[in-house]
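The block underneath contains the structure these notes are about, expressed in structure tokens.
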4 protein chains.
Amino acid sequence: MSPMPAGGSEKSRARAQAQRARILEAARKCFSEAGFHGASMARIGEQAGMSAGLIYRYFASKAEIIRAITGEQREVRMRAMAEVGSRLELLERIVDKMRDWRTSGGRPGAFDPALFLEVTAEACRDPAIAALVSAQEEETSDDMAQVIEREARTAGVTLSAEALRQHTLLARCLLDGVILRCVRDPGLDLEQVRASLRALVRPLTDQPGPV
Amino acid sequence: MSPMPAGGSEKSRARAQAQRARILEAARKCFSEAGFHGASMARIGEQAGMSAGLIYRYFASKAEIIRAITGEQREVRMRAMAEVGSRLELLERIVDKMRDWRTSGGRPGAFDPALFLEVTAEACRDPAIAALVSAQEEETSDDMAQVIEREARTAGVTLSAEALRQHTLLARCLLDGVILRCVRDPGLDLEQVRASLRALVRPLTDQPGPV
Amino acid sequence: MSPMPAGGSEKSRARAQAQRARILEAARKCFSEAGFHGASMARIGEQAGMSAGLIYRYFASKAEIIRAITGEQREVRMRAMAEVGSRLELLERIVDKMRDWRTSGGRPGAFDPALFLEVTAEACRDPAIAALVSAQEEETSDDMAQVIEREARTAGVTLSAEALRQHTLLARCLLDGVILRCVRDPGLDLEQVRASLRALVRPLTDQPGPV
Amino acid sequence: MSPMPAGGSEKSRARAQAQRARILEAARKCFSEAGFHGASMARIGEQAGMSAGLIYRYFASKAEIIRAITGEQREVRMRAMAEVGSRLELLERIVDKMRDWRTSGGRPGAFDPALFLEVTAEACRDPAIAALVSAQEEETSDDMAQVIEREARTAGVTLSAEALRQHTLLARCLLDGVILRCVRDPGLDLEQVRASLRALVRPLTDQPGPV
DNA sequence: TATGAATGAGGCTTCATTCAT
DNA sequence: TATGAATGAAGCCTCATTCAT
């Protein structure tokens with residue numbers, strides 16, 4: 001799959017990894033701005049500071065870059081959920097990220113809603129992408145479950161497996177929903193979103209519900 | 001905007017409308033399968049049973065078709081919210097739609113999550129699409145508020161403006177979140193989603209919250 | 001060559017001639033504005049107030065319209081030279097025509113330098129056009145010779161055949177040159193051109209020359 | 001304007017210039033034969049011995065090629081006027097060029113009347129071309145004035161500014177007229193044109209006129 | 001490793017022309 | 001006679017990908 005030879009010195013392998021990273025960074029930016037189909041290899045190369053031809057020494061095709069970008073998303077989401085103590089904290093964090101995106105327009109390493117949606121849309125078409133995304137979703141649900149368990153532990157509450165699953169599902173839908181709404185309505189008042197979330201998210205209880 | 005002359009007989013106008021509908025139907029299918037930029041005019045023409053050139057008698061450009069498809073989404077969402085009496089009923093309805101999509105793969109006129117996401121992703125890039133989507137979002141929020149007011153009336157509860165706004169926001173995020181999650185995880189158990197929603201959505205109260 | 005049937009009543013033949021004239025009038029305008037290749041049959045039809053398809057009942061092809069337009073040019077030039085008594089009068093008349101063109105932008109029936117050049121350029125490519133133009137040139141030279149003979153008669157001078165030929169050549173080159181220069185330099189001061197021509201054109205003498 | 005990056009090694013820049021030249025050479029030929037709009041990029045590429053796509057590495061669009069060709073015309077005319085000592089010499093030279101064109105059909109670098117007329121016709125439609133042509137006309141008039149001043153100096157005559165302007169105008173019209181007539185009438189006897197010019201062009205005098 | 005020239009396929013769009021009505 | 005729907009070819013241009021250097 002990868003065009004890079006398995007062999008080579010330690011040093012050259014490190015170099016190769018650095019090159020791949022540069023390409024992916026450039027691709028992320030281009031894909032975010034123009035979409036997978038709208039971004040050209042030439043533009044990605046330019047952004048990465050190399051010729052388009054050279055990219056093919058590190059990735060077999062544009063599709064492989066897309067797959068790699070898709071694969072990276074998992075880390076971004078995981079990082080976002082690590083060390084978060086409650087659902088509300090997590091939701092507020094995503095609101096912060098959305099505001100960052102609106103104002104600064106996407107710094108490297110930050111969560112990029114445009115890319116997130118591009119990947120999701122592509123998953124509807126490319127089965128390989130769909131499989132990657134689906135696998136990530138399960139992991140992300142696990143991460144979310146951990147956040148909720150942490151919150152429950154802090155609150156001194158014990159959740160049944162069923163309650164945990166339901167709270168996880170709800171929280172995830174809310175989170176994705178916030179992202180989608182922010183993207184679809186650039187005029188959406190994020191402070192109001194934050195306030196609403198604060199008012200609406202209740203302390204965890206053992207019993208299922210409520211919204 | 002439209003390349004068709006204003007005049008023409010009754011019959012020819014009807015015919016033109018039929019042709020436009022055929023093209024839009026074909027475009028919907030192609031865009032859903034391949035994305036706006038992955039679908040070619042040739043493919044759309046083939047799907048519509050006509051030459052690619054003929055499409056330009058009814059639409060000035062591919063972009064105009066994309067705009068028309070985007071504009072249509074509003075009707076689809078509006079139809080879905082009409083005559084719905086409560087948030088839970090609405091959410092269950094969207095779950096039904098997602099199951100339809102998974103099984104039948106998108107019938108004409110039905111809500112198409114792939115297209116919905118394609119439009120949203122495109123809104124990140126094309127300001128014209130962003131404006132359309134943004135306008136639709138406001139209308140959809142109004143529709144959602146009506147659903148909630150209906151539910152409140154039925155429950156004999158009076159909602160403050162603030163509470164109404166918050167419930168609307170929550171419900172919309174949940175709804176969009178359900179769509180996104182279903183698309184991103186084809187393995188997601190829709191029956192479990194339905195069950196969770198039933199358990200989680202509480203009767204409306206005057207007070208803000210809770211989730 | 002022509003798609004029109006030879007038969008038909010007197011009335012229908014007259015009608016056909018009127019239609020041809022309308023088409024040619026429209027084509028003249030379109031060709032002048034957009035060039036032979038830049039003007040579409042649809043646009044010509046629109047300008048003529050008929051469908052593009054109908055044009056083919058009166059002309060076998062676009063090329064035939066071009067040929068017809070080319071053929072018309074002869075009349076325009078001929079009309080311009082009729083009843084003109086001297087070279088200077090003729091040259092001043094062309095200066096007037098150029099000013100009309102600059103200000104009014106080409107009325108129907110008027111001499112159109114853009115069309116004149118379009119035809120000339122096309123003559124370099126299409127042998128059929130070249131033949132038409134070449135034939136017209138001979139006729140136009142004859143017309144010019146008549147103008148000069150008229151001038152000589154008025155001046156009481158007898159020109160040798162050789163002198164006549166030379167004066168004709170000179171006058172024609174001057175005339176075409178004025179047209180070309182006016183087109184190529186929209187800033188050219190026509191009044192100065194007129195003044196220069198007045199100063200430069202001397203009474204005819206029997207002897208060859210001078211300039 | 002140019003799609004080529006500014007940087008690059010000495011060698012690659014030289015190569016790029018050579019490619020541009022090859023393309024322009026091919027375009028000149030194609031435009032001369034078929035006109036700006038009749039010549040296809042594919043044909044130009046074929047003539048230049050490269051794929052049509054490659055052309056876009058050296059020119060941003062077909063329009064840019066047209067502009068480049070148009071711009072070149074100035075040099076061709078300028079070259080023709082350099083080191084010419086009199087109006088008659090200049091006119092005879094253009095007659096020579098026309099004969100070359102008729103016989104050899106346009107060698108690279110030679111003056112091409114078909115192209116000259118194509119450019120002029122295009123100037124009637126495209127304001128960008130019109131501006132280029134207009135600017136060239138002024139320069140060409142300056143060049144012509146210099147030729148005339150040279151002739152006056154040789155003849156020991158001092159020309160007033162007004163006389164200089166008038167002689168320049170006359171000479172230029174004659175010159176353009178000769179070109180136009182040669183193109184429009186392929187049967188025109190160039191030797192007779194030459195003889196007529198010789199007979200008609202008189203030595204310069206201080207006084208305005210005569211023709 | 002790295003470049004950038006080169007290609008061929010394909011995309012969007014226009015248009016002359018034909019034909020059923 | 002007249003329309004306008006319909007097509008197929010062609011045009012301009014872009015781009016992923018390959019390859020000689």
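To find a chain, count down the sequence lines: A is the first, B the second, and so on, and within it residues start at 1.
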Original post:
Closer to the 5' end of DNA chain F via nearest nucleotide, is it B:Arg22 or A:Ala63?
Top reply: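 The residue whose closest nucleotide sits nearer the 5' end is B:Arg22.
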**OP:** Under 4.0 Å between any heavy atoms, over every strand shown, what does A:Ala39 touch: base, sugar-phosphate, or nothing? Just pick one.
**Re:** sugar-phosphate
**OP:** May I ask you to say what A:Ser40 touches in the nucleic acid, namely base, sugar-phosphate or nothing, with a heavy-atom cut-off under 4.0 Å?
**Re:** sugar-phosphate
Original post:
How long is the gap from CZ on D:Phe31 to CD on D:Glu122, to the nearest 0.5 Å?
Top reply: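 Output value for this atom pair is 9.5 Å.
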Exam field: side chain [X] to backbone [Y], donor-acceptor pair closer than 3.5 Å:
X: D:Arg67; Y: D:Ala128; result: no
X: D:Ser32; Y: D:Arg28; result: no
X: B:Lys29; Y: B:Pro108; result: no

Round to the nearest Å and state the distance from [X] atom [atom1] to [N] atom [atom2].
X: C:Lys62; N: E:dT17; atom1: NZ; atom2: P; result: 8 Å
X: B:His37; N: F:dA16; atom1: NE2; atom2: C1'; result: 17 Å
X: B:Ile23; N: E:dT13; atom1: CD1; atom2: P; result: 13 Å
X: D:Arg13; N: E:dG4; atom1: CZ; atom2: P; result: 12 Å
X: A:Phe36; N: F:dA16; atom1: CZ; atom2: P; result: 13 Å
X: D:Met50; N: F:dC13; atom1: CE; atom2: C1'; result: 16 Å
X: A:Ile55; N: E:dG4; atom1: CD1; atom2: P; result: 13 Å
X: C:Gln19; N: F:dA2; atom1: CD; atom2: C1'; result: 9 Å

**OP:** Counting Watson-Crick and G-U wobble pairs only, both distances under 3.5 Å, name the nucleotide matched with F:dC13, or none.
**Re:**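 The base-pairing partner of F:dC13, which may sit in any strand shown, is E:dG10.
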Subject >> Complement of E:dT21, any strand, by Watson-Crick or G-U distances under 3.5 angstrom >> reply: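 Looking at the geometry, E:dT21 pairs with F:dA2.
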**OP:** Could you please name the option among F:dA16, F:dC13, F:dT3 that lies closest to any side-chain atom of D:Met41?
**Re:** F:dC13
Original post:
Among E:dA6, F:dC12, F:dA16, which nucleotide sits nearest the side chain of D:Arg15?
Top reply: E:dA6
**OP:** Could you check D:Ala16 against C:Gly38 and say which one's nearest nucleotide on DNA chain E is further toward the 5' end?
**Re:** D:Ala16
Subject >> D:Gln17 vs D:Arg13, side chain to side chain donor-acceptor pair (under 3.5 Å): CA-CA, chis, key distance, verdict >> reply: CA-CA 6 Å; D:Gln17 278 308 320; D:Arg13 239 177 309 136; over 6 Å; no
**OP:** For residues B:Asp126 and B:Ile66, determine if any side-chain heavy atom of one lies less than 4.5 Å from a side-chain heavy atom of the other.
**Re:** no
**OP:** Evaluate the side-chain proximity of A:Tyr56 to A:Met41: yes if any heavy-atom separation is below 4.5 Å, no if none is.
**Re:**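 In short, these two side chains touch, coming nearer than 4.5 Å.
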Original post:
Under 4.0 Å between a side-chain N/O of D:Tyr58 and OP1 or OP2 of E:dA6, yes or no?
Top reply: yes
Every protein N/O lying under 3.5 Å from an N/O of nucleotides 18-21 of chain F:
none

